[in-house]
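Input: a single structure, listed below in structure tokens.
Read the numbers this way: they start at 1 and go in the same order the structure lists the ligands and their atoms. Keep in mind that what you see is a predicted model, and the values were worked out from it rather than measured.
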Amino acid sequence: MPTQTVLSVVGARPQFIKAFPVSRLLRERCSEVLVHTGQHYDFGMSDVFFDELDIPTPEYNLGVGSASHAEQTAEMMRKLDEVVVAENPDLVLVYGDTNSTLAATLVAVKRTIPIAHVEAGLRSGDWSMPEEVNRVLTDHCSSLLFVPSDLAVKTLANEGITAGVVVTGDVMYDAITLVRDRARDESTILDEAGVEPGEYILATVHRQANTDDPARLERIVRGFVDAPLPVVFTVHPRTEAALKRNGLWELTTRELIVLEPLGYLDFVRLVDDADRVATDSGGVQKEAFYLDTRCVTLREETEWVETIESGWNELVGTDTDAIRTALRRTDELPPKPSLYGDGDAARRIVDAVVNAL
Ligand code: UD1
Ligand code: UDP
């Protein structure tokens with residue numbers, strides 16, 4: 001086994017899920033130091049995933065927590081730099097497009113440590129979206145870029161990045177494949193929510209553009225209120241605060257089935273059995289696709305354009321009438337293509353990392 005060290009950095013909910021298939025394989029082949037920045041810290045946003053999935057306990061938790069983009073990123077960088085100096089890693093592995101991703105990238109690139117980026121090559125084209133800034137900067141600093149699709153290869157090539165690009169497929173497909181049966185066997189969330197399979201809509205909302213604009217948030221909630229089926233709404237803490245701030249919490253809890261953020265098994269079970277999902281999440285759009293569930297995306301654009309082209313995902317933005325219409329659509333969906341790999345992305349990522357060491 002190589003004695004080289006990979007420093008993997010996670011911090012937000014989707015990153016725990018992406019690290020779950022990768023870290024277990026990585027530890028069989030080299031030495032991994034897992035760092036949790038503490039960007040997400042509530043039990044339901046963090047510990048639940050480590051408890052129910054086979055994710056190693058992080059060697060470091062930096063406890064950074066919530067703040068403005070600048071403060072949060074700066075604090076992460078300061079603390080990550082200390083870890084990098086102490087551990088002297090040969091490579092830094094980052095996931096997705098959060099502030100934790102960017103902080104680790106900036107620390108590593110300034111210390112001239114190679115960076116490997118899982119979920120590279122994705123673009124929304126919207127530079128006002130914090131994640132777009134994070135992912136573009138991360139890609140341009142990375143020496144290994146793990147992409148989910150051929151389209152992402154082209155996107156990177158258009159920006160002049162061709163070296164180190166590896167088509168791996170999507171690690172979230174690996175994650176779903178690993179837990180789908182367990183979710184069916186173990187989760188009792190449908191009973192707890194009081195819904196029947198195929199007889200409810202699952203909703204999530206947390207994008208800055210939707211939560212920080214009261215008009216957009218209200219239009220979304222009003223679209224859900226008029227849905228033809230009960231809406232199970234798992235509410236991100238950011239969204240709960242925004243709903244309360246804007247006088248929408250009473251309407252939301254009266255008209256919708258409101259749940260706290262759920263663990264992965266319960267959430268996957270809800271996606272699997274939903275009539276459709278309505279979401280502005282990146283990960284949930286793909287999970288709906290993998291689990292044969294129709295998706296209504298509450299944004300004007302998406303990074304996962306292949307799901308739109310397939311007909312299984314529809315971009316509706318935040319117009320209340322457009323949401324209502326999309327939640328009622330009953331047209332037959334076309335046969336589902338296979339997108340984003342075969343559930344073996346983690347192995348390809350680990351192979352490439354070990355080869356690079
Ligand atoms: C972050 C990522 C986003 C990702 C999302 C996954 C950035 C810029 N954004 O957004 O790309 O899609 O995570 O969920 O990195 N909060 C809590 N408890 C927690 C975590 C957050 O109460 O455990 C609240 C705090 O009020 C905080 C707010 O949620 O200010 C936003 O959290 P933050 O991590 O800054 O951004 P997210 O919206 O979660
Ligand atoms: N998720 C979860 N519980 C929930 C909502 C989402 O486990 O209550 C999972 C979901 O299965 C997906 C990930 O969290 O794997 C998506 O995270 P989120 O929507 O917060 O972020 P994004 O993917 O938009 O970055």
Among all protein heavy atoms, pick the one closest to [atom] and tell me residue, atom and distance.
| atom | value |
| --- | --- |
| atom 23 (O) of ligand 2 | Gly283 N, 2.8 Å |
| atom 38 (O) of ligand 1 | Arg238 NH1, 2.7 Å |
| atom 20 (O) of ligand 2 | Arg13 NH2, 2.9 Å |
| atom 9 (C) of ligand 2 | Ile17 CD1, 3.7 Å |
| atom 18 (N) of ligand 1 | Asp42 OD2, 2.9 Å |
| atom 35 (O) of ligand 1 | Gln72 NE2, 3.7 Å |
| atom 24 (O) of ligand 2 | Gly282 N, 2.9 Å |
| atom 25 (O) of ligand 2 | Pro14 CG, 3.5 Å |
| atom 39 (O) of ligand 1 | His40 NE2, 2.7 Å |
| atom 30 (O) of ligand 1 | Ser66 CB, 3.4 Å |
| atom 34 (O) of ligand 1 | Gln39 NE2, 3.0 Å |
| atom 16 (C) of ligand 2 | Ser281 OG, 3.9 Å |
| atom 11 (O) of ligand 2 | Glu287 OE1, 2.7 Å |

Is there a nitrogen or oxygen of Ser100 sitting under 3.5 Å from a nitrogen or oxygen of ligand 1?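 Min N/O separation from ligand 1 is not below 3.5 Å for Ser100.
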Any chance you could measure Thr101, atom OG1, to Ile115, atom CD1, to the nearest 0.5 Å?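 Output value for this atom pair is 11.0 Å.
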Numbered atoms of ligand 2 (with element) below 4.0 Å of [X], judged on heavy atoms:
| X | answer |
| --- | --- |
| Met172 | 12 (C), 15 (O) |
| Tyr264 | 7 (O), 11 (O), 15 (O) |
| Pro261 | 8 (O) |
| Leu262 | 2 (C), 3 (N), 4 (C), 7 (O), 8 (O) |
| Arg207 | 24 (O) |

Can you confirm whether Glu300 is buried at CD, in the sense that more than 12 heavy atoms of other residues, nucleotides or ligands lie under 6.0 Å from that atom?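 Atom CD in Glu300 is packed in, count exceeds 12.
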Assess whether atom CD of Glu260 is packed by more than 12 heavy atoms of other residues, nucleotides or ligands within 6.0 Å.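 Counting neighbours around CD of Glu260, 12 or fewer heavy atoms of other residues, nucleotides or ligands fall under 6.0 Å, so no.
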For the pair Glu75 and Lys79, evaluate salt bridge (charged side-chain N to carboxylate O under 4.0 Å, His left out) and give the outcome as yes or no after the intermediate values. CA-CA 6 Å; Glu75 187 65 1; Lys79 292 188 166 176; 3.7 Å; yes
Those atoms of ligand 1 less than 4.0 Å from some heavy atom in Met45: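 Those of ligand 1 that fall under 4.0 Å from Met45 are 23 (O).
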Output the list of atoms in ligand 1 that are nearer than 4.0 Å to some heavy atom of Asn99, sorted by atom number.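 Near Asn99, the atoms of ligand 1 are 7 (C), 8 (C), 15 (O).
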Could you tell me if any non-hydrogen atom of Gly263 lies under 4.0 Å from any atom of ligand 2?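 It does, in that a heavy atom of Gly263 comes within the 4.0 Å cut-off of ligand 2.
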With backbone taken as N, CA, C and O and side chain as the heavy atoms from C-beta onward, which portion of Glu131 lies under 4.0 Å from ligand 1: side chain, backbone, both, or neither?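 Under 4.0 Å from ligand 1, Glu131 contributes side-chain atoms alone.
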Specify side chain, backbone, both or neither for His69, according to which of its non-hydrogen atoms lie closer than 4.0 Å to ligand 1.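 The answer is the side chain of His69.
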Does ligand 1 have any atom that is closer than 4.0 Å to a heavy atom of Arg207?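 Right, Arg207 reaches ligand 1.
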Min heavy-atom dist Pro14 to ligand 1 below 4.0 Å: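 The answer is yes, since Pro14 has a heavy atom less than 4.0 Å from ligand 1.
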Which of these, Phe49, Phe16, Phe20, has its nearest heavy atom closest to atom 7 (O) of ligand 2?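 The option holding the nearest heavy atom is Phe49.
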Distance under 6.0 Å and angle within 45° of ring axis: Lys336 vs Phe289: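 Pair Lys336/Phe289 counts as cation-pi.
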Please verify the inter-ring angle class for Tyr264 with Phe20; under 30° counts as parallel, over 60° as perpendicular, anything in between as tilted.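 It falls in the perpendicular class, over 60°.
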